[in-house]
Structure formats: structure tokens, C-alpha cells
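I have placed the structure first, in the form of C-alpha cells, so that the comments after it can refer back to it.
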Amino acid sequence: MLDDPRTVRVSGDGTAALFRRRADADAESDPERRRPVPEAYVWCNLTSGDAGRALWLLLLPFMVVNLAHWMRPPATGGERAARLYGLLLRLLGLTLTVLFVATACEVALDLGAWQCAGSPTCATRLPVTDSSSLAGRDAGWWGVPGRRLAAAALVPAGLTALLWYLSLRTWRDYEAQEPLDRPSKEPGDSGFTALGRPGFWYGRRLVARLRSAHTAAGLFTVAAAVGAPAAAFDRARTGSALLDVLGWVLMAALAGGFVVVTYVVCRRGRSEIRLDRALDGHLVRRLPTAALSLLVLALVYACWARPGWESVGRLPGGPVFGGIALAQGLLICSLVGVTAALRRSGDDPRAALRGFGGPAVAVLACALGAVMSAGLVQRVSDWLDGAEAPALTTWQTSAIPPLLTLVPGLCGALALGAWARARSGFPGAAPRSADGGPVTGARGPDTARARRVATIRAMATLTDRASLVVAVTAVAAFLCGACALACALATDRAPADAANSAPDLVRGAVRTSQALGSWLVGLGLAAFLAWGRRAYRDTGARRTVGILWDVGTFWPRATHPFAPPCYAERAVPDLTWRIVTWTRATGGNLVLSGHSQGSVLAAAAAWQLDPVTRGRVGLLTYGSPLERLYGRWFPAHFGPAALRSLRTQVACWRNLHRLTDPIGGPVGLVEVDREPLADPLSFRRTDRHPLPSPVLGHSDYQADPVFAEERREILRRLATEVPGPREAEPTGGARAVRGEPADPPRAEG
């Protein structure tokens, strides 16, 4: 970034820091300097630095449902509908947590401690010493099913505790940085986007509340999985009246606990108008403590000796997975209705899926959670070869082959269409030379190169068709999930068993889909674990995974506290603090330049500045997804009105893009966008380019002469001379006294 091997860190730590060339380390103290000072903010370690980030792949459904929160349409006069939109997604996130813990309970308690440990032939597969002694009436202390359930409950309880710990630790490492404290409304502030609000990048209170509620929900789920079978046995058998009463009390307490958790999730959303440092300490501490206490009581209650209690069939407890799937379906239908109401209050024709991107992505989050849950349960059930998986999970895995036939087929059709348009010379596909003119009269090797460049440009347009893939996948996943739920409730049997009386063709297709789905889930889990292991060990693979987090973890955790941490809650305050303190100390102007996701961080930091400081900043963005990705998928925050307001509030703004870039594009403002850069720089061999020039696509924008030209122009518009240093009286960083020298210095970063 600095084009110099001798660099020095001027501020920050090993996670994110500011760097300068060694010769520029104390540039402000040299009155003779007459050139800009480049400074680089390096934040890649926030998404791909630590090897433990590879494990974040397991939290993918939580991240996706959190993304759906930020995809709502603009709420012009629909504040109540916007709050309801967020509430529904918080409830959807809660169902994903319950599903995650219920899956662990199904594997450890039902398949392992109840079904397999109760069968002498299957118990030998359990990874415990002398496991065959777990089965039978004379098996001793472990022969009581409740005691086996209590021991196995340590697995889902430990996973819940691990999620709580990771959420707390990552918040401290990434999101605990306080932004600059400033009034919620200042003269010149824009109301077109919430990204400029003082508390937008500081969600401490909400994340703490949600972390407490989701942790309690997980512990309540484990307690119900342990206590419900014992309570059901006590109600069915004439035994101890005291145990029967204790069972009713425990179940009532657990039901009340779930009601309290739901209330906490619904009660409060994000507070962005001001920097909210408050913390609901009594709630954050007492709710998980109460849930843990109930879990301990459930374990003790289940361990009590009950003559005649044997683990036969599946674990009693009701159709938990079916109830979760039904609740998710109802929440998504309600979300669609709320989104339609928001669209009527402020429709954006450029928005992806006409504003319904949020519900579509929410469906994908639920589908990911269902596939991961069903796949794990199905594979463990097949491995134990004596334990019966719930009917719904088997139906869900059987729906995977149709989905995998539809989605890759659609992607292949889109790719073939792009290739056909490139071959037929669709508008914009024909390559241009370095001077911007079309290449004509190409013969021989030039014809093949022209086709290659045209194909690259055509494939770059596939990014704009991603909404079609998301829409088709979401609709297909919702329909397949609804059919799986209906079939499981109607038959309560696996698909192959339910189709025994069907015609031969149908029976064969169902059995093939079930077997193929089971194998595909196994292969998917193996590939998932292999990729996670590689990302854990290999820095290059970890950076590839980090590309996924660039978009997914840019947004604060507004829906799910166990989602991967938001790196922007560290990066944006870092940038704003640096810009404000530097401009106040020197009275200078600066160019804030960013490539790809860095341009999004640059825009977010500019929105967080006060109007006076924002007027000292020039923006230079290149390869930017501000409009192509964020403006379409997150219209409430990066819509046309927000980008227009940013242009009027900064000193100047220029944006560079290429037709071969699959990520970056124009921002949709004539005064900001430059015409597409030539790529390759030279189509034919020339004296300046004697060898074939590469197609750069999304990379190496600084290698284009236009970049230096635009940078010089922005610097010229900001200032013309560099004055000597002036004295300031710092009173704690951003509180330094600000002066207005006649000729302010310039900087770029």
C-alpha cells in the first residue's frame, strides 16, 4: 500500500494499525515538507489473522440471519414497521440458537445416551469404557436412563457455554472500541442513512442482552431435554407423588423461563441515536444464572432412581424439530408481510429483489441451519446403526438432491448466457484500447484475445444476477422445507418407509433421494471440516475464508449475539479517531482512499465525522462495491439518497471502476464516477507495453495512470501548500484545540 519496504507502525496494535514510510514517521514536525504524506490503515487481521477464525464457519447460519436485519427496505415514515422487522429477525435468530442446542441434545442425549446406550448391540460403538454395561436392568448406577441423560447433557451445555464465552471474548477484542462521542444532531448532518448516527457502531447494550437471552435459551433447552423424559415417566406411572409434583414444577419453571427469554429478545432493539454506554447488569447476570440453576435441578431430578424406567424407542419430548421449523416458517411469512409494508412507504427500484432481499436471506439462514442440523443427526444415526433419527431430519436430507440439481443448473445457465453474449458481442463486451477507443480489425491472435477479454467482462456481469440465484434458492428451500415438515408430520416415518405403498417409480425416486441425500450430507460435512482444518493451518486459505467475512461481518450483531464479530465496530472508530485527531492537531485536509471493502469502511468513517471535519476530507474509491453490492442489498443504509448526501458533505469524491471487475462498479453519480478504466491497459503490443498486458479485473488499480491523475486532482482541490507545524493544546486525543492555518497540510490514507 505504501510502495516502500521500510515502514513503521505509528499507531495501533497487531490486529489493526496505521503505518507510514519510515521517512514520513514525523512528517508533521518538518516545516520544509511540500508533498503529501501517505498513511495506510491495515485491517486484514480483523477478518483473517487468527487461526481460530476458521472455526467461525460453524456460525454461518447466525451470520446470515444477522445480515438479513440490515437488508430491509428504506423506512420512509414506517418506523413502527422497521422495529417490527427487527423484532421478527431477533426471534428468528433465537430459533436458530434453540435449533443448534437441540441438535446437540438429539445427538448426545437421544441417539447416544437413550437409544444406543439402551441397546446392547449399539452400546459397543459409544466412546466410553465397557459401554456394553450401560444396557440392561442390572447395569448398576448407569443403568438408570436419567443418569445417562444427565451425563450426556454436559455436551450441549458445554457447547452453550462455549458460544457464550466466544461471544463475550470477541466483543471485547473487536467491538468494545468506543466511537467518538458527539451530539446526535449537528448542523449539516444527513438523515439519509443511519450509519452517521453516534451509536451505530457501538451495540454493547443490545449484544449483552441478546447474549444473556440466547445463553439462557440454550441452557433451558438442555434442561428440558433432560427433565421432560423423567417428568413424562412420572406422570405415566403410579410412583412417587413427590417426583410427579417436582416434574410439574420443573416443566412450569422451564416454560416460564422461555417466556422471559422471548420477552427479553422482543423488549429492546438497537439504540443508535446516541452512544449508549448503559448495561442491563441485573439481566445480563441473573438470567443465565437462573437458567443454570434450573439446569442443575433438572439434572438432579433426572438422576433420581425410578424402578422400571427403561430407554425404549426414541427419547420422549415431542416433535421439537418440527415445532422449530413451523415457528421459523411463520416468522418468515410475517417478515414478508412487514417487508411489503416497508416497500409501500419507501420503494427503491434498484434494491435487490425489489426490497425482499431480507426475507430471502432469512430463508437461506434457516435452510443452512436445517441442513447442518439434519446432516449431523443423520450421519451420527447412520454411524451408530441402531439409533433412529427424527423423521423430519430424514425428510430434510432427502430434499437436498433436488436443491443441488436446481441451483447449480441455474448458475450454469447464467454462465452459459454470459458466454453467449460475449461471443455475440453484446454492448460493452468489445474490448477497448488504453485510449478508450474500440479495438477494430483484430485478426489472428488478437481475435482470440478479444474474445477472452469479452468473456471476462461478460462473466463480471454475473454479479448483478446474484439476486436471481438467491431468489430461486430461497423459494425452493422454503417450499422443500414446508414439504418436508408436512410429510414428517403426516407420516412420522422416514421417506423410504412412507413410500412403501407408492408406485414403483415414486418409491424408487424417494429411496434414491434419501440415500443420495445422506451421502451428500456426509460428503458436505467432510468437505466442510477439511476446509475448516485447512483454513486453520494455512494462512492463504484463511484469507480466502476472510473474503466471506468481509461482507458478512461488516455489520453489527443486531440479531444474533453468537454470530462472528463485527470488525467495522473496531475499524470505523479507528479511522474516525485518526481523522479527527489529525485534522484538529494540524488543521489540514486529507484524502481517504479505499479499495473494495476498504471503500465501504471509508464511506462509513466519513459518515461518522462531524460536518466540519467531513468537509476537510476527499474520497477516492476504486473497485468499490458501494452501489453494486451494498446499495442494492442494503438499500436502507447505502441507497441512492445516502450516497448523494455523502457526495455533498465531503470536499470531493471520485470513483474508479472497470468493466472486467466482478465486484466493483460505479456509484451512480455522474460527478463522482469516471468512465470505465481500460483493461487491459494495452490491447496490442506497443513500445510502452512490449509484452501482453494482463487483465487486472478487481486488482492493481494503482497501476493505472488514471489513478495517479485522479489522486493529484483531489489533492490539488483540497490544498496547494504545506505550512509549518503549529502548536496545539491536547486535552485527551480528540479534545485537542483546533486551529485554522492559512495553508493547511495535506495527507492521504
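Side chains are part of it too, since the values below use all heavy atoms of this structure and drop only hydrogens, waters and symmetry mates.
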query: Taking W70 as the fixed residue, which of F200, W633, Y85, F554 is the one that meets the ring pair (Phe, Tyr, Trp, His ring centres under 6.0 Å) rule?
result: F200
query: Which pairs count as salt bridge (charged side-chain N to carboxylate O under 4.0 Å, His left out) when at least one residue sits in residues 467-486, sequence neighbours excluded?
result: none
- request: Any side-chain hydrogen bond (donor to acceptor under 3.5 Å, both in side chains) involving residues 394-413? Give me the pairs, sequence neighbours left out, ordered by first then second residue.
  value: Q378-T394
- line: So the side-chain hydrogen bond (donor to acceptor under 3.5 Å, both in side chains) pairs with at least one residue in residues 634-643 (sequence neighbours excluded) are none
Report all side-chain donor-acceptor pairs from residues 465-484 shorter than 3.5 Å, counting only partners two or more places apart or in another chain.
unit_1	atom_1	unit_2	atom_2	d
T473	OG1	V469	O	2.7

- prompt: Can you list the residues that meet the side chain to side chain contact (heavy atoms under 4.5 Å, CB included) rule with P561, with sequence neighbours excluded?
  reply: S167, L210, R211, H214
message: Looking at Q597, is its backbone amide N or carbonyl O close enough to the side chain of D550 to form a donor-acceptor pair, meaning the two atoms are under 3.5 Å apart?
response: no
query: Under the 3.5 angstrom rule, does the side chain of R557 hit a backbone N or O of V207 as a donor-acceptor pair?
result: no
query: Can you tell me if N66 uses its side chain to pair, donor with acceptor, with the backbone of F62 under 3.5 Å?
result: no
message: Among residues at least two apart in sequence or on other chains, which ones pass salt bridge (charged side-chain N to carboxylate O under 4.0 Å, His left out) with R209?
response: D280
message: Using side-chain heavy atoms (C-beta onward) and a distance below 4.5 Å, is S373 in contact with F321?
response: yes
- request: Before accepting this row, confirm whether a basic side-chain N of the pair R314/E106 lies closer than 4.0 Å to the acidic partner's carboxylate O.
  value: yes
statement: The residue among L376, D382, V377 that forms side chain to side chain contact (heavy atoms under 4.5 Å, CB included) with V380 is L376
- prompt: Donor-acceptor pair, H657 side chain versus G623 backbone, under 3.5 Å?
  reply: no
- request: For R350, check salt bridge (charged side-chain N to carboxylate O under 4.0 Å, His left out) against everything at least two apart and list the hits.
  value: E627
- prompt: Which value, rounded to the nearest 0.5 Å, describes the distance between T660 atom OG1 and I456 atom CD1?
  reply: 7.0 Å
- request: List in chain and number order the residues that pass ring pair (Phe, Tyr, Trp, His ring centres under 6.0 Å) with H595, two or more places apart in sequence or in another chain; answer none if no residue qualifies.
  value: Y622, H698, Y701
query: Can you check whether A352's main-chain N or O pairs, donor with acceptor, with R632's side chain at less than 3.5 Å?
result: no
query: What is the ring orientation for F258 with F220, classed by angle as parallel under 30°, tilted 30 to 60°, or perpendicular over 60°?
result: tilted
- prompt: Which residue pairs satisfy the side-chain hydrogen bond (donor to acceptor under 3.5 Å, both in side chains) criterion with at least one member in residues 262-272, sequence neighbours excluded?
  reply: R197-E272, Y263-R267, R270-E272
- prompt: How many angstroms lie between atom OG1 of T559 and atom CG of L89, to the nearest 0.5 angstrom?
  reply: 5.0 Å
- prompt: Is there a donor-acceptor contact under 3.5 Å from the side chain of D673 to the main chain of P666?
  reply: no
Contact check, side chains of P676 and L659, non-hydrogen atoms, under 4.5 Å: yes
- request: Check whether any side-chain heavy atom of W171 lies under 4.5 Å from a side-chain heavy atom of P565, and answer yes or no.
  value: no
- prompt: Distance-only, no hydrogens or angles: does the T393 side chain make a donor-acceptor pair with backbone N or O of P390 under 3.5 Å?
  reply: yes
message: Under the rule for salt bridge (charged side-chain N to carboxylate O under 4.0 Å, His left out), what residues qualify as partners of R570, not counting sequence neighbours?
response: D13, D574
message: Does D492 have more than 12 heavy atoms from other residues, nucleotides or ligands lying within 6.0 Å of its CG?
response: no
task: Answer whether the closest heavy-atom distance between the side chains of S596 and S624 falls below 4.5 Å.
output: no
message: Tell me if the CH2 atom of W43 is crowded by more than 12 foreign heavy atoms within 6.0 Å.
response: yes
- request: State which residues pass salt bridge (charged side-chain N to carboxylate O under 4.0 Å, His left out) with R644; sequence neighbours excluded, sorted by chain then number.
  value: none
- request: Return the set of residues passing ring pair (Phe, Tyr, Trp, His ring centres under 6.0 Å) with F634 (not counting sequence neighbours), or none when no residue passes.
  value: W555, Y630
field: Sub-4.5 Å side-chain heavy-atom contact between L601 and Y567
entry: yes
message: Are F562 and L96 packed together at the side-chain level, in the sense that at least one heavy-atom pair is separated by less than 4.5 angstrom?
response: no
- request: Answer yes or no: is there a side-chain heavy-atom contact under 4.5 Å between L392 and P319?
  value: no
field: Test item: T463 side-chain N/O and P662 main-chain N/O as donor-acceptor pair under 3.5 Å
entry: yes
